[in-house]
A.B. asks: 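Below: one structure in C-alpha coordinates.
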Number of protein chains: 2
Amino acid sequence: MINQIVQMASTTEENYLKALFNLANEKGEVNISELAHQLEVSMPTANSMVKTLQKSGSCIYEKYKPVVLTPKGKKEAALIVRKHRLTEMFLVTKMGFGWEEVHEIAEQVEHIHASKFFERMDEMMGYPTVDPHGSPIPDKQGRIQDLQFKSLSEAKPGQEVILAALSDSSTEFLEYLNSRKLTLGTELKIISKEAFDQSIVVNYLDSEKETLSQKVCEKLLVKIYESKNSSQ
Amino acid sequence: MINQIVQMASTTEENYLKALFNLANEKGEVNISELAHQLEVSMPTANSMVKTLQKSGSCIYEKYKPVVLTPKGKKEAALIVRKHRLTEMFLVTKMGFGWEEVHEIAEQVEHIHASKFFERMDEMMGYPTVDPHGSPIPDKQGRIQDLQFKSLSEAKPGQEVILAALSDSSTEFLEYLNSRKLTLGTELKIISKEAFDQSIVVNYLDSEKETLSQKVCEKLLVKIYESKNSSQ
DNA sequence: TAAATTTGTTAGAATAATCTAACATTATAC
DNA sequence: GTATAATGTTAGATTATTCTAACAAATTTA
Ligand SMILES: [Mn+2]
Ligand SMILES: [Mn+2]
Ligand SMILES: [Mn+2]
Ligand SMILES: [Mn+2]
(Lines give C-alpha, C1' and ligand atoms only; values in the text may rest on other atoms or scores of the structure.)
(Ligands and ions follow the chains in the order given, each with its own letter.)
Protein backbone atom coordinates (compact mmCIF):
# COMPACT_ATOMS: atom_id res chain seq x y z
CA MET A 1 0.00 0.00 0.00
CA ILE A 2 1.37 3.41 -0.97
CA ASN A 3 -1.16 5.91 0.23
CA GLN A 4 -1.28 5.19 3.96
CA ILE A 5 -2.61 8.37 5.54
CA VAL A 6 -0.25 9.73 8.18
CA GLN A 7 -2.44 11.37 10.78
CA MET A 8 -1.48 14.88 11.90
CA ALA A 9 -0.84 15.35 15.59
CA SER A 10 -3.85 16.76 17.41
CA THR A 11 -3.59 19.96 19.44
CA THR A 12 -3.39 17.81 22.55
CA GLU A 13 -0.58 15.70 21.14
CA GLU A 14 1.25 18.84 20.02
CA ASN A 15 1.10 20.23 23.55
CA TYR A 16 2.56 16.98 24.92
CA LEU A 17 5.36 17.03 22.33
CA LYS A 18 6.22 20.61 23.20
CA ALA A 19 6.20 19.87 26.93
CA LEU A 20 8.50 16.87 26.41
CA PHE A 21 10.81 19.00 24.28
CA ASN A 22 10.97 21.89 26.75
CA LEU A 23 11.41 19.64 29.81
CA ALA A 24 14.15 17.65 28.06
CA ASN A 25 15.99 20.88 27.23
CA GLU A 26 15.76 22.08 30.82
CA LYS A 27 16.43 18.90 32.73
CA GLY A 28 17.73 16.29 30.30
CA GLU A 29 15.35 13.49 31.21
CA VAL A 30 11.59 13.58 31.39
CA ASN A 31 9.60 11.60 33.95
CA ILE A 32 5.91 10.91 33.68
CA SER A 33 5.33 12.88 36.87
CA GLU A 34 7.06 16.00 35.54
CA LEU A 35 5.21 15.75 32.29
CA ALA A 36 1.88 15.32 34.06
CA HIS A 37 2.65 18.26 36.32
CA GLN A 38 3.69 20.49 33.42
CA LEU A 39 0.48 19.80 31.52
CA GLU A 40 -1.74 19.79 34.60
CA VAL A 41 -3.10 16.33 33.95
CA SER A 42 -3.04 13.18 36.09
CA MET A 43 -0.15 10.73 35.79
CA PRO A 44 -2.29 8.01 34.18
CA THR A 45 -3.31 10.52 31.52
CA ALA A 46 0.29 11.46 30.77
CA ASN A 47 1.28 7.80 30.83
CA SER A 48 -1.41 6.93 28.32
CA MET A 49 -0.54 9.79 25.95
CA VAL A 50 3.14 8.83 26.03
CA LYS A 51 2.12 5.38 24.81
CA THR A 52 0.13 7.01 22.00
CA LEU A 53 3.10 9.16 20.99
CA GLN A 54 5.30 6.10 20.99
CA LYS A 55 2.90 4.35 18.59
CA SER A 56 3.17 7.30 16.20
CA GLY A 57 6.98 7.16 16.41
CA SER A 58 7.50 10.47 18.22
CA CYS A 59 9.00 9.11 21.42
CA ILE A 60 10.54 6.05 22.98
CA TYR A 61 9.17 4.74 26.20
CA GLU A 62 9.74 1.77 28.46
CA LYS A 63 7.89 1.17 31.69
CA TYR A 64 9.42 3.04 34.62
CA LYS A 65 12.03 4.67 32.36
CA PRO A 66 12.21 8.33 31.39
CA VAL A 67 10.56 9.36 28.12
CA VAL A 68 12.88 10.18 25.20
CA LEU A 69 11.82 12.00 22.04
CA THR A 70 12.88 10.43 18.74
CA PRO A 71 14.44 12.67 16.07
CA LYS A 72 10.97 12.76 14.45
CA GLY A 73 9.39 13.85 17.74
CA LYS A 74 12.11 16.42 18.35
CA LYS A 75 11.57 17.96 14.95
CA GLU A 76 7.78 18.04 15.35
CA ALA A 77 8.19 19.72 18.74
CA ALA A 78 10.78 22.22 17.50
CA LEU A 79 8.47 23.28 14.66
CA ILE A 80 5.67 23.94 17.15
CA VAL A 81 8.09 25.94 19.31
CA ARG A 82 9.07 27.82 16.15
CA LYS A 83 5.45 28.78 15.49
CA HIS A 84 5.01 29.76 19.15
CA ARG A 85 8.06 32.03 19.21
CA LEU A 86 7.48 33.58 15.79
CA THR A 87 3.95 34.40 16.95
CA GLU A 88 5.16 35.99 20.19
CA MET A 89 7.67 38.09 18.28
CA PHE A 90 5.04 39.11 15.72
CA LEU A 91 2.60 40.12 18.45
CA VAL A 92 5.24 42.29 20.11
CA THR A 93 6.98 43.84 17.12
CA LYS A 94 4.10 44.13 14.65
CA MET A 95 1.02 44.36 16.81
CA GLY A 96 2.21 46.35 19.81
CA PHE A 97 1.63 43.80 22.57
CA GLY A 98 3.74 43.75 25.72
CA TRP A 99 6.07 40.79 26.25
CA GLU A 100 3.95 39.77 29.23
CA GLU A 101 0.76 39.45 27.12
CA VAL A 102 1.86 37.20 24.29
CA HIS A 103 2.48 33.74 25.69
CA GLU A 104 -1.16 32.79 26.19
CA ILE A 105 -2.12 33.89 22.69
CA ALA A 106 0.87 32.08 21.15
CA GLU A 107 -0.11 28.96 23.09
CA GLN A 108 -3.18 28.83 20.85
CA VAL A 109 -1.76 30.23 17.60
CA GLU A 110 1.08 27.66 17.59
CA HIS A 111 -1.47 24.96 16.66
CA ILE A 112 -2.53 26.60 13.42
CA HIS A 113 -1.64 24.47 10.42
CA ALA A 114 -0.75 27.02 7.75
CA SER A 115 2.94 27.33 7.01
CA LYS A 116 2.33 30.34 4.73
CA PHE A 117 0.99 32.23 7.75
CA PHE A 118 4.13 31.74 9.81
CA GLU A 119 6.47 32.19 6.87
CA ARG A 120 4.85 35.53 6.15
CA MET A 121 5.26 36.59 9.79
CA ASP A 122 8.91 35.54 9.62
CA GLU A 123 9.45 37.50 6.40
CA MET A 124 7.69 40.62 7.73
CA MET A 125 9.94 40.61 10.78
CA GLY A 126 13.14 40.04 8.79
CA TYR A 127 13.77 36.50 10.07
CA PRO A 128 14.32 37.09 13.80
CA THR A 129 16.43 34.54 15.67
CA VAL A 130 15.01 35.06 19.14
CA ASP A 131 11.57 35.61 20.65
CA PRO A 132 10.62 38.60 22.90
CA HIS A 133 11.99 36.77 25.95
CA GLY A 134 15.35 36.05 24.32
CA SER A 135 14.64 32.37 23.59
CA PRO A 136 15.96 31.14 20.24
CA ILE A 137 13.54 30.53 17.36
CA PRO A 138 14.15 27.12 15.75
CA ASP A 139 14.69 27.25 11.97
CA LYS A 140 12.39 25.61 9.37
CA GLN A 141 14.27 22.33 9.76
CA GLY A 142 13.66 22.41 13.50
CA ARG A 143 17.30 23.16 14.34
CA ILE A 144 17.75 25.32 17.39
CA GLN A 145 20.84 27.28 18.34
CA ASP A 146 22.29 27.10 21.82
CA LEU A 147 22.93 30.66 22.93
CA GLN A 148 24.35 29.65 26.32
CA PHE A 149 24.15 32.91 28.22
CA LYS A 150 25.32 33.14 31.81
CA SER A 151 22.97 33.76 34.69
CA LEU A 152 23.36 37.18 36.29
CA SER A 153 23.90 35.39 39.61
CA GLU A 154 27.29 34.27 38.24
CA ALA A 155 28.45 37.81 37.45
CA LYS A 156 31.00 39.54 39.66
CA PRO A 157 31.17 43.11 40.95
CA GLY A 158 32.76 45.41 38.39
CA GLN A 159 31.48 43.49 35.39
CA GLU A 160 29.22 45.02 32.80
CA VAL A 161 26.64 42.79 31.17
CA ILE A 162 23.75 43.01 28.73
CA LEU A 163 20.41 41.47 29.61
CA ALA A 164 19.91 38.97 26.78
CA ALA A 165 17.27 36.42 27.82
CA LEU A 166 15.17 35.05 30.65
CA SER A 167 14.95 31.58 32.11
CA ASP A 168 11.45 32.38 33.43
CA SER A 169 8.92 34.11 31.19
CA SER A 170 5.93 33.99 33.53
CA THR A 171 3.61 36.98 33.48
CA GLU A 172 4.45 37.73 37.12
CA PHE A 173 8.18 37.88 36.47
CA LEU A 174 7.72 39.92 33.28
CA GLU A 175 5.55 42.39 35.18
CA TYR A 176 8.20 42.62 37.88
CA LEU A 177 10.78 43.43 35.17
CA ASN A 178 8.42 46.01 33.64
CA SER A 179 8.11 47.73 37.01
CA ARG A 180 11.91 48.01 37.16
CA LYS A 181 12.19 49.09 33.49
CA LEU A 182 14.34 46.05 32.79
CA THR A 183 14.13 45.15 29.11
CA LEU A 184 16.25 42.89 26.91
CA GLY A 185 19.34 44.76 25.75
CA THR A 186 19.66 46.78 28.95
CA GLU A 187 23.27 47.25 30.05
CA LEU A 188 23.80 46.46 33.71
CA LYS A 189 26.86 47.31 35.77
CA ILE A 190 27.35 45.13 38.81
CA ILE A 191 28.15 47.46 41.69
CA SER A 192 28.32 44.98 44.53
CA LYS A 193 27.16 41.61 45.72
CA GLU A 194 25.90 40.83 49.22
CA ALA A 195 27.58 37.69 50.52
CA PHE A 196 24.77 36.97 52.98
CA ASP A 197 21.87 36.52 50.52
CA GLN A 198 23.63 36.70 47.13
CA SER A 199 21.65 39.81 46.21
CA ILE A 200 23.28 42.13 43.70
CA VAL A 201 23.27 45.92 43.40
CA VAL A 202 23.23 47.02 39.78
CA ASN A 203 23.28 50.28 37.91
CA TYR A 204 21.52 50.71 34.59
CA LEU A 205 19.92 53.22 32.20
CA ASP A 206 22.57 55.83 33.22
CA SER A 207 20.71 56.71 36.37
CA GLU A 208 18.77 53.97 38.10
CA LYS A 209 20.24 51.83 40.84
CA GLU A 210 18.55 48.66 41.93
CA THR A 211 18.99 45.73 44.27
CA LEU A 212 18.14 42.41 42.67
CA SER A 213 17.54 39.31 44.81
CA GLN A 214 19.28 36.03 44.06
CA LYS A 215 15.95 34.62 42.90
CA VAL A 216 15.69 37.36 40.29
CA CYS A 217 19.37 37.18 39.26
CA GLU A 218 19.09 33.47 38.53
CA LYS A 219 16.33 34.15 36.03
CA LEU A 220 18.20 36.90 34.19
CA LEU A 221 20.48 35.59 31.43
CA VAL A 222 23.23 37.94 30.37
CA LYS A 223 26.08 38.43 27.94
CA ILE A 224 29.27 39.56 29.64
CA TYR A 225 29.98 42.84 27.92
CA GLU A 226 33.02 44.32 29.58
CA SER A 227 35.00 43.57 32.63
CA LYS A 228 36.79 45.72 35.22
CA ASN A 229 39.01 44.28 37.96
CA SER A 230 38.24 40.85 36.65
CA SER A 231 40.56 37.85 36.68
CA GLN A 232 40.09 37.30 32.91
CA MET B 1 -25.10 27.65 43.77
CA ILE B 2 -23.49 30.78 42.34
CA ASN B 3 -20.36 29.60 40.64
CA GLN B 4 -21.71 27.14 38.07
CA ILE B 5 -19.01 26.93 35.42
CA VAL B 6 -20.38 27.75 31.97
CA GLN B 7 -18.39 25.65 29.55
CA MET B 8 -16.98 27.40 26.49
CA ALA B 9 -18.03 26.03 23.12
CA SER B 10 -15.45 23.65 21.65
CA THR B 11 -13.97 24.30 18.21
CA THR B 12 -16.35 21.68 16.86
CA GLU B 13 -19.38 23.32 18.44
CA GLU B 14 -18.22 26.70 17.13
CA ASN B 15 -18.06 25.32 13.60
CA TYR B 16 -21.62 23.99 13.92
CA LEU B 17 -22.86 27.34 15.25
CA LYS B 18 -21.24 29.18 12.38
CA ALA B 19 -22.66 26.75 9.82
CA LEU B 20 -26.16 27.15 11.30
CA PHE B 21 -25.78 30.93 11.23
CA ASN B 22 -24.55 31.06 7.63
CA LEU B 23 -27.14 28.59 6.34
CA ALA B 24 -29.94 30.44 8.13
CA ASN B 25 -28.81 33.72 6.55
CA GLU B 26 -28.74 32.18 3.08
CA LYS B 27 -31.84 30.02 3.14
CA GLY B 28 -33.91 30.98 6.18
CA GLU B 29 -34.39 27.50 7.61
CA VAL B 30 -31.79 24.88 8.38
CA ASN B 31 -32.40 21.16 7.94
CA ILE B 32 -30.24 18.49 9.47
CA SER B 33 -29.29 17.27 6.00
CA GLU B 34 -28.04 20.69 4.89
CA LEU B 35 -26.13 21.12 8.10
CA ALA B 36 -24.57 17.67 7.76
CA HIS B 37 -23.66 18.37 4.15
CA GLN B 38 -22.13 21.76 4.97
CA LEU B 39 -19.92 20.30 7.67
CA GLU B 40 -19.17 17.08 5.81
CA VAL B 41 -20.42 14.83 8.58
CA SER B 42 -23.14 12.18 8.59
CA MET B 43 -26.73 13.11 9.46
CA PRO B 44 -26.68 11.23 12.77
CA THR B 45 -23.60 13.23 13.75
CA ALA B 46 -25.28 16.54 12.93
CA ASN B 47 -28.46 15.41 14.65
CA SER B 48 -26.56 14.56 17.79
CA MET B 49 -24.62 17.83 17.87
CA VAL B 50 -27.83 19.82 17.40
CA LYS B 51 -29.17 18.14 20.55
CA THR B 52 -25.99 19.12 22.37
CA LEU B 53 -26.32 22.73 21.23
CA GLN B 54 -29.92 22.75 22.37
CA LYS B 55 -28.85 21.60 25.84
CA SER B 56 -26.44 24.51 26.04
CA GLY B 57 -29.21 26.93 24.98
CA SER B 58 -27.77 27.88 21.60
CA CYS B 59 -30.55 26.49 19.42
CA ILE B 60 -34.08 25.20 19.48
CA TYR B 61 -34.82 21.84 18.01
CA GLU B 62 -37.81 19.56 17.71
CA LYS B 63 -37.74 16.20 15.96
CA TYR B 64 -38.23 16.53 12.20
CA LYS B 65 -38.39 20.34 12.42
CA PRO B 66 -35.76 22.77 11.11
CA VAL B 67 -33.12 23.95 13.57
CA VAL B 68 -33.43 27.53 14.84
CA LEU B 69 -30.66 29.46 16.61
CA THR B 70 -31.63 31.23 19.83
CA PRO B 71 -30.51 34.85 20.34
CA LYS B 72 -27.65 33.42 22.44
CA GLY B 73 -26.65 31.07 19.62
CA LYS B 74 -26.92 33.84 17.05
CA LYS B 75 -24.66 36.07 19.05
CA GLU B 76 -22.09 33.33 19.63
CA ALA B 77 -22.07 32.55 15.91
CA ALA B 78 -21.84 36.21 14.88
CA LEU B 79 -18.83 36.71 17.14
CA ILE B 80 -17.06 33.77 15.50
CA VAL B 81 -17.91 35.19 12.08
CA ARG B 82 -16.51 38.50 13.34
CA LYS B 83 -13.21 36.86 14.24
CA HIS B 84 -13.15 35.06 10.90
CA ARG B 85 -13.71 38.18 8.84
CA LEU B 86 -11.40 40.41 10.87
CA THR B 87 -8.71 37.79 10.39
CA GLU B 88 -9.26 37.61 6.63
CA MET B 89 -9.08 41.38 6.38
CA PHE B 90 -5.94 41.47 8.51
CA LEU B 91 -4.25 38.82 6.40
CA VAL B 92 -5.00 40.77 3.23
CA THR B 93 -4.41 44.35 4.35
CA LYS B 94 -1.59 43.88 6.88
CA MET B 95 0.13 40.68 5.79
CA GLY B 96 -0.08 40.85 2.01
CA PHE B 97 -2.11 37.69 1.36
CA GLY B 98 -4.38 37.39 -1.65
CA TRP B 99 -8.15 37.25 -1.07
CA GLU B 100 -8.11 33.67 -2.34
CA GLU B 101 -5.62 32.51 0.32
CA VAL B 102 -7.20 33.70 3.53
CA HIS B 103 -10.34 31.68 4.14
CA GLU B 104 -8.61 28.46 5.17
CA ILE B 105 -6.32 30.27 7.60
CA ALA B 106 -9.23 32.26 9.07
CA GLU B 107 -11.17 29.01 9.48
CA GLN B 108 -8.59 28.09 12.11
CA VAL B 109 -7.79 31.51 13.59
CA GLU B 110 -11.50 32.20 14.28
CA HIS B 111 -11.34 29.67 17.14
CA ILE B 112 -8.69 31.52 19.09
CA HIS B 113 -9.98 32.73 22.44
CA ALA B 114 -8.18 36.03 22.95
CA SER B 115 -10.34 39.11 22.45
CA LYS B 116 -7.29 41.38 22.79
CA PHE B 117 -5.85 39.76 19.67
CA PHE B 118 -8.86 40.52 17.50
CA GLU B 119 -9.43 43.94 19.02
CA ARG B 120 -5.86 44.85 18.19
CA MET B 121 -6.32 43.67 14.58
CA ASP B 122 -9.51 45.73 14.37
CA GLU B 123 -7.74 48.81 15.74
CA MET B 124 -4.73 48.40 13.41
CA MET B 125 -7.05 48.25 10.42
CA GLY B 126 -9.14 51.25 11.49
CA TYR B 127 -12.31 49.27 12.26
CA PRO B 128 -13.21 47.89 8.84
CA THR B 129 -16.88 47.06 8.19
CA VAL B 130 -16.41 44.44 5.48
CA ASP B 131 -14.04 41.55 4.82
CA PRO B 132 -11.91 41.11 1.67
CA HIS B 133 -14.86 39.48 -0.12
CA GLY B 134 -17.26 42.30 0.74
CA SER B 135 -19.09 40.44 3.49
CA PRO B 136 -20.01 42.58 6.51
CA ILE B 137 -18.03 42.21 9.76
CA PRO B 138 -20.39 41.85 12.76
CA ASP B 139 -19.73 44.35 15.57
CA LYS B 140 -18.60 43.42 19.11
CA GLN B 141 -22.24 42.90 20.12
CA GLY B 142 -22.70 40.47 17.25
CA ARG B 143 -24.89 42.84 15.24
CA ILE B 144 -24.51 42.53 11.51
CA GLN B 145 -25.54 45.06 8.88
CA ASP B 146 -27.53 44.05 5.86
CA LEU B 147 -25.82 45.62 2.86
CA GLN B 148 -28.29 44.20 0.31
CA PHE B 149 -26.41 44.65 -2.92
CA LYS B 150 -27.94 43.58 -6.20
CA SER B 151 -26.63 40.70 -8.24
CA LEU B 152 -24.95 41.74 -11.50
CA SER B 153 -27.38 39.43 -13.30
CA GLU B 154 -30.13 41.93 -12.46
CA ALA B 155 -28.32 44.87 -14.07
CA LYS B 156 -29.45 46.25 -17.41
CA PRO B 157 -27.42 47.39 -20.43
CA GLY B 158 -26.30 50.98 -20.07
CA GLN B 159 -26.00 50.84 -16.29
CA GLU B 160 -22.75 51.46 -14.46
CA VAL B 161 -22.10 49.51 -11.30
CA ILE B 162 -19.37 48.99 -8.72
CA LEU B 163 -18.35 45.48 -7.74
CA ALA B 164 -19.01 45.46 -3.98
CA ALA B 165 -19.18 41.88 -2.76
CA LEU B 166 -19.39 38.21 -3.73
CA SER B 167 -21.99 35.59 -2.95
CA ASP B 168 -19.36 32.88 -3.56
CA SER B 169 -15.88 33.22 -2.08
CA SER B 170 -14.49 29.84 -3.11
CA THR B 171 -10.84 29.73 -4.11
CA GLU B 172 -11.80 28.68 -7.64
CA PHE B 173 -14.10 31.65 -8.16
CA LEU B 174 -11.60 34.07 -6.62
CA GLU B 175 -8.88 32.74 -8.92
CA TYR B 176 -11.21 33.19 -11.87
CA LEU B 177 -11.77 36.81 -10.81
CA ASN B 178 -8.00 37.31 -10.39
CA SER B 179 -7.44 36.08 -13.94
CA ARG B 180 -9.89 38.73 -15.16
CA LYS B 181 -8.45 41.45 -12.92
CA LEU B 182 -11.82 41.84 -11.24
CA THR B 183 -11.39 43.27 -7.75
CA LEU B 184 -13.84 44.82 -5.30
CA GLY B 185 -14.39 48.46 -6.19
CA THR B 186 -14.03 47.90 -9.93
CA GLU B 187 -16.47 49.99 -11.98
CA LEU B 188 -18.27 47.96 -14.60
CA LYS B 189 -20.31 49.33 -17.49
CA ILE B 190 -22.88 46.93 -18.86
CA ILE B 191 -22.58 47.05 -22.64
CA SER B 192 -25.08 44.38 -23.59
CA LYS B 193 -26.87 41.29 -22.42
CA GLU B 194 -27.41 38.15 -24.47
CA ALA B 195 -31.04 37.07 -24.19
CA PHE B 196 -30.21 33.45 -25.06
CA ASP B 197 -27.92 32.59 -22.14
CA GLN B 198 -28.14 35.73 -19.95
CA SER B 199 -24.44 36.41 -20.39
CA ILE B 200 -23.35 40.03 -20.06
CA VAL B 201 -20.69 42.01 -21.89
CA VAL B 202 -19.01 44.51 -19.60
CA ASN B 203 -16.37 47.16 -19.91
CA TYR B 204 -14.02 47.99 -17.04
CA LEU B 205 -10.62 49.41 -16.09
CA ASP B 206 -10.94 51.94 -18.97
CA SER B 207 -9.82 49.39 -21.55
CA GLU B 208 -10.76 45.78 -20.94
CA LYS B 209 -13.91 44.25 -22.33
CA GLU B 210 -15.21 40.96 -21.04
CA THR B 211 -18.08 38.55 -21.41
CA LEU B 212 -19.38 37.23 -18.09
CA SER B 213 -21.60 34.16 -17.97
CA GLN B 214 -24.86 34.16 -16.02
CA LYS B 215 -23.27 31.83 -13.47
CA VAL B 216 -20.55 34.43 -12.81
CA CYS B 217 -22.95 37.41 -12.84
CA GLU B 218 -25.12 35.80 -10.16
CA LYS B 219 -22.13 35.63 -7.83
CA LEU B 220 -21.07 39.24 -8.34
CA LEU B 221 -22.85 41.65 -6.01
CA VAL B 222 -22.87 45.26 -7.15
CA LYS B 223 -23.89 48.78 -6.20
CA ILE B 224 -25.74 50.57 -8.98
CA TYR B 225 -23.57 53.59 -9.53
CA GLU B 226 -25.06 55.47 -12.45
CA SER B 227 -27.70 54.81 -15.03
CA LYS B 228 -28.06 55.68 -18.68
CA ASN B 229 -31.26 55.06 -20.66
CA SER B 230 -32.79 53.59 -17.55
CA SER B 231 -36.45 53.76 -16.47
CA GLN B 232 -35.48 55.24 -13.06
C1' DT C 1 17.92 -2.91 55.20
C1' DA C 2 13.27 -1.98 56.41
C1' DA C 3 9.93 1.59 56.31
C1' DA C 4 8.16 5.45 54.23
C1' DT C 5 7.61 8.25 50.34
C1' DT C 6 7.48 9.13 45.66
C1' DT C 7 6.73 7.70 41.23
C1' DG C 8 4.46 4.92 37.87
C1' DT C 9 0.93 1.52 36.14
C1' DT C 10 -3.46 -0.77 35.38
C1' DA C 11 -8.28 -1.01 35.38
C1' DG C 12 -12.46 0.95 34.79
C1' DA C 13 -15.38 4.74 33.78
C1' DA C 14 -16.95 9.24 31.62
C1' DT C 15 -17.54 12.62 27.87
C1' DA C 16 -17.03 14.32 23.12
C1' DA C 17 -17.15 13.48 18.37
C1' DT C 18 -17.66 10.59 15.02
C1' DC C 19 -19.25 6.50 12.14
C1' DT C 20 -22.58 2.63 9.93
C1' DA C 21 -26.78 0.02 9.79
C1' DA C 22 -31.39 -0.18 10.47
C1' DC C 23 -35.61 1.90 10.98
C1' DA C 24 -39.11 5.89 10.87
C1' DT C 25 -41.20 9.99 9.08
C1' DT C 26 -42.15 13.38 5.66
C1' DA C 27 -42.31 14.99 1.04
C1' DT C 28 -42.67 14.13 -3.96
C1' DA C 29 -44.12 11.82 -8.05
C1' DC C 30 -47.06 9.27 -10.65
C1' DG D 1 -53.65 8.35 -2.85
C1' DT D 2 -50.20 4.94 -2.91
C1' DA D 3 -45.32 4.21 -4.13
C1' DT D 4 -40.87 6.12 -4.15
C1' DA D 5 -37.50 9.12 -2.65
C1' DA D 6 -35.63 12.12 0.58
C1' DT D 7 -34.90 13.27 5.08
C1' DG D 8 -34.38 12.28 9.89
C1' DT D 9 -33.79 9.21 14.06
C1' DT D 10 -32.10 5.51 17.01
C1' DA D 11 -28.97 2.12 18.36
C1' DG D 12 -24.61 0.57 18.84
C1' DA D 13 -19.80 0.92 18.12
C1' DT D 14 -15.11 3.36 17.86
C1' DT D 15 -11.43 6.62 18.98
C1' DA D 16 -9.52 10.40 21.72
C1' DT D 17 -8.89 12.46 26.05
C1' DT D 18 -9.55 12.60 30.48
C1' DC D 19 -10.47 11.09 35.35
C1' DT D 20 -10.24 8.22 40.12
C1' DA D 21 -9.13 4.17 42.73
C1' DA D 22 -6.20 0.58 43.55
C1' DC D 23 -2.01 -1.47 43.19
C1' DA D 24 3.16 -1.91 42.01
C1' DA D 25 7.92 -0.40 41.55
C1' DA D 26 11.64 2.54 42.63
C1' DT D 27 13.80 5.72 45.52
C1' DT D 28 14.79 7.96 49.77
C1' DT D 29 15.06 8.14 54.73
C1' DA D 30 16.11 6.62 58.98
MN1 LIG E 1 5.92 31.57 25.31
MN1 LIG F 1 -0.41 25.19 22.95
MN1 LIG G 1 -14.06 33.18 4.76
MN1 LIG H 1 -13.49 27.06 11.74
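All of these numbers come straight from a predicted model, not from anything done at the bench.
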A.B. asks: Using the side-chain hydrogen bond (donor to acceptor under 3.5 Å, both in side chains) definition, which of the options Lys18(A), Lys83(A), Arg85(A) pairs with Glu110(A)?
C.D. replies: Lys18(A)

A.B. asks: Give the table of side-chain donor-acceptor pairs shorter than 3.5 Å for residues 91-99 of chain B, with sequence neighbours excluded, one pair per line with atom names and distance.
C.D. replies:
from, atom 1, to, atom 2, distance (Å)
Thr93(B), OG1, Met89(B), O, 2.9
Lys94(B), NZ, Met124(B), O, 3.3
Trp99(B), NE1, Asn178(B), OD1, 2.8

A.B. asks: Can you list everything that forms a salt bridge (Lys or Arg N to Asp or Glu O under 4.0 Å) with Glu88(A)? Sequence neighbours excluded, please.
C.D. replies: none

A.B. asks: Nearest whole Å is fine: how far is dT25(C) C1' from Glu62(B) CD?
C.D. replies: 15 Å

A.B. asks: Specify the residue among Lys63(A) and Ser10(A) whose closest nucleotide of DNA chain D lies further upstream toward the 5′ end.
C.D. replies: Ser10(A)

A.B. asks: Does Lys116(A) have any salt bridge (Lys or Arg N to Asp or Glu O under 4.0 Å) partners at least two apart in sequence or in another chain, and if so, which?
C.D. replies: Glu101(B)

A.B. asks: Report yes if a side-chain nitrogen or oxygen of Thr45(B) is closer than 4.0 Å to either non-bridging phosphate oxygen (OP1 or OP2) of dC19(C); otherwise report no.
C.D. replies: yes

A.B. asks: Starting at atom CD of Glu34(A), determine the distance to atom C1' of dT7(C), rounded to an integer number of angstrom.
C.D. replies: 11 Å

A.B. asks: Distance check needed: dT26(C) C1' versus Lys65(B) NZ, whole Å only.
C.D. replies: 12 Å

A.B. asks: Starting at CE of Met43(B) and ending at P of dC19(C), how long is that distance when rounded to a whole Å?
C.D. replies: 12 Å

A.B. asks: Can you pull the contact range of chain A along DNA chain D, 5' to 3', using atoms under 4.0 angstrom from its heavy atoms?
C.D. replies: dT17(D) to dA25(D)

A.B. asks: Take the protein atom CG of Leu53(B) and the nucleotide atom C1' of dT15(C), then report the distance between them rounded to whole Å.
C.D. replies: 15 Å

A.B. asks: Heavy atoms only, 4.0 Å cut-off, all strands: where does Ser42(A) land among base, sugar-phosphate and nothing?
C.D. replies: base

A.B. asks: Between dA17(C), dG8(C), dC19(C), which nucleotide has the shortest distance from any of its atoms to the side chain of Glu13(B)?
C.D. replies: dA17(C)

A.B. asks: What nucleic acid atoms does Lys51(A) come within less than 4.0 Å of, heavy atoms only: base, sugar-phosphate, or nothing?
C.D. replies: sugar-phosphate

A.B. asks: Measure from CG on Asn47(B) to P on dA22(C) and round the result to the nearest Å.
C.D. replies: 19 Å

A.B. asks: Excluding sequence neighbours, so at least two apart, what forms ring pair (Phe, Tyr, Trp, His ring centres under 6.0 Å) with His111(A)?
C.D. replies: none

A.B. asks: For Phe196(A), enumerate each residue passing the side chain to side chain contact (heavy atoms under 4.5 Å, CB included) test, keeping only those at least two apart in sequence or located in another chain.
C.D. replies: Glu194(A)

A.B. asks: Counting only N and O atoms by type, is there a donor-acceptor contact under 3.5 Å from the side chain of Ser199(A) to the main-chain atoms of Leu212(A)?
C.D. replies: no

A.B. asks: Can you figure out which of dA17(C), dT7(C), dA24(C) approaches the side chain of Tyr64(B) most closely?
C.D. replies: dA24(C)

